[in-house]
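Take a look at the structure set out below.
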Amino acid sequence: MESEAKGCEVVVSGKLRGQRAKSMKFTDGIMIHSGDPINDYVDRAVRHVLLRQGVLGIQVKIMLQQDPQGKRGPKRPLPDNVTVHEPKEEESQTVPSSEQKENVGPALPPVGGLGGPQQGQIVA
């Protein structure tokens, strides 16, 4: 975490104390667990330690910060990273304006105005 990492996770599993196997997880900061950014942002290492009682497994995951130069971390920002820009200044209108609309075509006849029976009328 002192080396500008966003988060880390250490998992130790195996026969820690006694005969039964256990798993202990230690986390700090934030860690992403799914999606494509895992391939860029998370460094992962697994080691097996052979002891007299059995095998201990140690997994270490470190989540890197985004680096625009790409030297200490990935260049691509996270997909949920949002940047808010200042709004553009609008020109104030001193004189009101309106558009002149032209009559495009003939007006439609009223509903039921074609001489047919309307809804609710009984045809004899």
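From a predicted model like this one, the values you see are computed outputs, not experimental measurements.
In this structure, Val60 is a member of the same hydrophobic cluster as Met24, with clusters built from ILVMFWY side-chain heavy atoms closer than 4.5 Å. Under a hydrophobic clustering in which Ile, Leu, Val, Met, Phe, Trp and Tyr are joined whenever their side-chain heavy atoms come within less than 4.5 Å, directly or via other members, Val10 and Leu56 fall into the same cluster.
With sequence neighbours excluded, the residues forming a side chain to side chain donor-acceptor pair (under 3.5 Å) with Asp40 are Arg76, listed by chain and number.
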>> Before you tell me yes or no, could you show the steps for Lys25 and Glu9 under side-chain contact (heavy atoms from CB on, under 4.5 Å), namely the whole-Å CA-CA distance, both residues' side-chain angles and the distance that decides it to 0.1 Å?
In response: CA-CA 7 Å; Lys25 184 186 287 189; Glu9 179 177 295; 4.2 Å; yes
>> Quick one, Val49 with Val55, criterion side-chain contact (heavy atoms from CB on, under 4.5 Å). Give me CA distance, side-chain angles, the key distance, then yes/no.
In response: CA-CA 6 Å; Val49 180; Val55 179; over 6 Å; no
>> Run the side-chain contact (heavy atoms from CB on, under 4.5 Å) test on Met31 and Lys61 for me, step by step, so that the C-alpha distance in whole Å, both residues' side-chain angles and the decisive distance to 0.1 Å come before the verdict.
In response: CA-CA 9 Å; Met31 177 70 62; Lys61 293 182 187 177; 3.9 Å; yes
> Could you walk me through whether Ile58 and Val11 pass the side-chain contact (heavy atoms from CB on, under 4.5 Å) check?
Replying inline: CA-CA 6 Å; Ile58 300 172; Val11 178; over 6 Å; no
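The backbone N or O of Leu78 sits less than 3.5 Å from a side-chain atom of Tyr41, completing a donor-acceptor pair. Judged purely by atom type and a 3.5 angstrom limit, Gln66 uses its side chain to pair as donor or acceptor with the backbone of Lys75.
The two residues Asp67 and Lys71 have their closest heavy-atom pair at OD2-N, 2.9 Å. Nearest heavy atoms, His48 versus Gly57: ND1-CA, 4.3 Å. Across all non-hydrogen atoms, the minimal contact from Ser34 to Ile38 is N-CD1, 3.2 Å. Between Met63 and Ile32 the shortest heavy-atom distance is SD-N, 3.6 Å.
Atoms NZ and CG, on Lys22 and Leu16 in that order, are 7.5 Å from each other to the nearest 0.5 Å.
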